[in-house]
> 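Handing you this structure, nothing more for now.
Only heavy atoms go into these numbers, but all of them, side chains included; no hydrogens, no water, no symmetry mates.
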Amino acid sequence: MAKEELPGVLILDIGGTQGVLENLAALLKKHFHLITMKEFLENKEEMSKKIQSVFVFECRPTIDRELLESLPNLKVIGNSGVGVDHLDLKMISSFGVKVTNTPHAVADPTADIGMALMLASARRLVEGCQIAVSPDTKHFAVDWLGVEVTRATLGIIGMGSIGYKVAQRARAFNMRILYHNRNRRRKEEEEAVGAHYCEKMEDLLQQSDFVMLIVNLTPETHRLIGKKELSLMKPTATLINISRGAVIDQDALVEALQSKVIRAAALDVTYPEPLPRDHPLLKLNNVIITPHIGTATVQAIHMMAEEAIANILAVLNGQPIPSEVFPK
């Protein structure tokens with residue numbers, strides 16, 4: 001099929017600091033005529049007719065009303081990743097455009113980063129690395145201690161596919177697993193990982209040594225964890241966030257960490273990203289912050305692109321859509 005016959009897909013760019021990775025662009029080119037935002041803006045009249053889909057990679061390009069109004073033949077926005085809080089679903093739907101995401105590709109790598117952050121924080125790996133490589137280190141202190149993950153209590157807030165995979169991994173550490181979720185899991189699923197349901201989030205917070213946040217960012221989960229919730233946690237507890245930064249009231253978290261209301265925090269997400277370089281969270285030694293790398297593996301990025309492509313093609317070909325996201 002000639003390039004001109006392929007359906008047009010809009011992307012921000014190829015390569016650079018914000019564009020689609022080169023190998024993913026090659027994957028897209030097998031199915032689509034790639035049109036970058038620069039090409040679109042330089043020749044709107046011609047390009048707007050060709051664009052039937054948008055591939056959103058790392059929340060880019062920005063989907064606003066102006067863009068939607070300029071794309072009369074747009075049928076689908078394929079989001080690479082599971083979170084769609086950067087997309088105004090109701091507005092997009094009002095244009096008759098469908099939105100898809102990639103939940104299947106993200107579960108394992110995101111669960112892995114949750115475990116990695118829990119272990120790194122518990123054993124103070126980042127601090128330890130800094131001590132081990134520092135030119136000023138003369139000896140290792142005998143009282144430099146972490147805490148154990150094995151047999152500790154893990155509270156999972158959000159027991160979807162990622163949360164359940166975290167529970168599977170935590171079971172190998174003989175952890176006591178509590179969870180809070182909108183809907184309780186089936187009894188067989190709970191028994192398979194040894195998880196106990198907490199109807200009230202407060203009960204989970206009070207009992208857990210590690211609290212892991214794995215929820216979608218919605219109006220209901222915005223600042224789900226604030227001063228009150230942090231005060232319910234054990235002073236020896238660690239808060240881990242692998243969902244979205246705005247799920248936590250960051251000012252309250254800074255205060256809780258400074259005053260030792262909780263032991264530590266490990267965050268793969270913040271608000272905004274990256275944080276301003278003078279943000280107080282960056283100055284605390286009982287925080288680990290990673291640059292939103294939950295799905296940043298060679299395998300996951302490739303699988304997400306393949307899943308997004310399958311979704312987009314299903315819409316364009318009038319077939320059942322594997323992973324459509326509906327406005328609430």
Side-chain angles (χ1 to χ4, degrees), residues 81-83 101-123 125 146-218 220-221 224-225 229 232-234 236-244 247-248 262-269 288 290 292-297 299-300 303-304 323:
V82 68
N101 67 348
T102 60
H104 304 103
V106 307
D108 278 315
T110 308
D112 286 351
I113 202 73
M115 296 302 291
L117 285 170
M118 178 164 61
L119 288 162
S121 182
R123 299 306 297 269
L125 289 192
V147 295
E148 291 197 16
V149 166
T150 301
R151 288 180 293 277
T153 299
L154 169 63
I156 299 171
I157 299 176
M159 190 66 124
S161 57
I162 298 170
Y164 196 75
K165 284 183 178 290
V166 167
Q168 289 174 326
R169 288 154 172 74
R171 195 179 188 203
F173 286 85
N174 292 319
M175 299 189 85
R176 177 180 174 232
I177 301 166
L178 308 177
Y179 79 98
H180 172 73
N181 202 46
R182 281 176 302 178
N183 304 305
R184 185 169 182 173
R185 284 270 183 172
R186 296 199 316 271
K187 189 179 178 183
E188 317 81 272
E189 292 174 325
E190 289 181 345
E191 288 175 351
V193 292
H196 305 277
Y197 179 63
C198 293
E199 188 176 348
K200 294 181 179 177
M201 187 173 71
E202 291 79 2
D203 294 339
L204 178 149
L205 293 171
Q206 289 171 334
Q207 297 178 64
S208 300
D209 299 303
F210 299 91
V211 174
M212 195 176 300
L213 302 172
I214 321 174
V215 296
N216 291 322
L217 179 58
T218 66
E220 292 73 36
T221 62
L224 180 69
I225 302 297
E229 290 74 24
L232 291 171
M233 292 172 65
K234 296 178 181 181
T236 53
T238 299
L239 181 65
I240 302 151
N241 189 7
I242 57 171
S243 51
R244 286 293 187 268
V247 168
I248 297 175
I262 62 172
R263 173 186 169 271
L267 316 170
D268 186 43
V269 287
I288 292 174
T290 49
H292 202 150
I293 54 171
T295 57
T297 68
Q299 295 89 341
M303 282 178 65
M304 285 193 292
S323 303

> Check whether any side-chain heavy atom of Leu224 sits under 4.5 Å from a side-chain heavy atom of Ile248, and report yes or no.
no

> Cut-off 3.5 Å, no hydrogens considered: what does the side-chain donor-acceptor table look like for residues 192-206, sequence neighbours left out?
from: Tyr197; atom 1: OH; to: Asn181; atom 2: O; distance (Å): 3.3

> For residues 210-218, which side-chain N or O atoms pair as donor and acceptor with protein atoms under 3.5 Å away, sequence neighbours left out?
from: Thr218; atom 1: OG1; to: Glu220; atom 2: N; distance (Å): 3.2
from: Thr218; atom 1: OG1; to: Glu220; atom 2: OE1; distance (Å): 3.2
from: Thr218; atom 1: OG1; to: Thr221; atom 2: N; distance (Å): 3.2
from: Thr218; atom 1: OG1; to: Thr221; atom 2: OG1; distance (Å): 3.4

> Which atom pairs, one a donor and one an acceptor, fall under 3.5 Å between side chains of residues 104-113 and the rest of the protein, sequence neighbours left out?
from: His104; atom 1: ND1; to: Glu307; atom 2: OE2; distance (Å): 2.8
from: Asp108; atom 1: OD1; to: Lys165; atom 2: NZ; distance (Å): 3.4
from: Asp108; atom 1: OD1; to: Arg169; atom 2: NH2; distance (Å): 2.9
from: Thr110; atom 1: OG1; to: Val106; atom 2: O; distance (Å): 2.7
from: Asp112; atom 1: OD1; to: Arg169; atom 2: NE; distance (Å): 2.8
from: Asp112; atom 1: OD1; to: Arg169; atom 2: NH2; distance (Å): 3.1

> Do Val269 and Ile242 come within less than 4.5 Å of each other through their side chains, counting heavy atoms only?
no

> Between Phe173 and Glu148, is there a side-chain heavy-atom distance shorter than 4.5 Å?
no

> What heavy-atom pair brings Met233 and Ile262 nearest, and what distance separates the two atoms?
CB-CG2, 3.8 Å

> Might you point out which heavy atoms bring Arg263 and Ala122 nearest each other, and give the distance in Å?
NH2-O, 3.2 Å

> Any side-chain heavy atom of Thr238 within less than 4.5 Å of one from Met118?
no

> Hey, what do you get for CG (Asn101) to CE (Met304), rounding to the nearest 0.5 Å?
11.0 Å

> Under a plain distance cut-off of 3.5 Å, with no hydrogens placed, do Thr290 and Asp268 share a side-chain donor-acceptor pair?
yes

> If every non-hydrogen atom of Glu229 is compared with every non-hydrogen atom of Ile225, which pair is closest and at what distance?
OE1-C, 3.9 Å

> Check for a donor-acceptor pair, side chain of Ser208 on one end and backbone N or O of Leu154 on the other, with a separation under 3.5 Å.
no

> Quick check against the 3.5 Å criterion: does Tyr164 have a side-chain atom that pairs as donor or acceptor with the backbone of Arg185?
no

> State the CD1-CD1 distance between Ile240 and Ile288, to the nearest 0.5 angstrom.
9.5 Å

> Quick check: do Gln207 and Arg176 have side-chain heavy atoms less than 4.5 Å from each other?
yes

> Quick one: do Glu190 and Lys187 satisfy salt bridge (Lys or Arg N to Asp or Glu O under 4.0 Å)? Show the steps, please.
CA-CA 5 Å; Glu190 289 181 345; Lys187 189 179 178 183; over 6 Å; no

> A side-chain contact here means heavy atoms from C-beta on lying under 4.5 Å apart; do Asp209 and Val147 qualify?
no

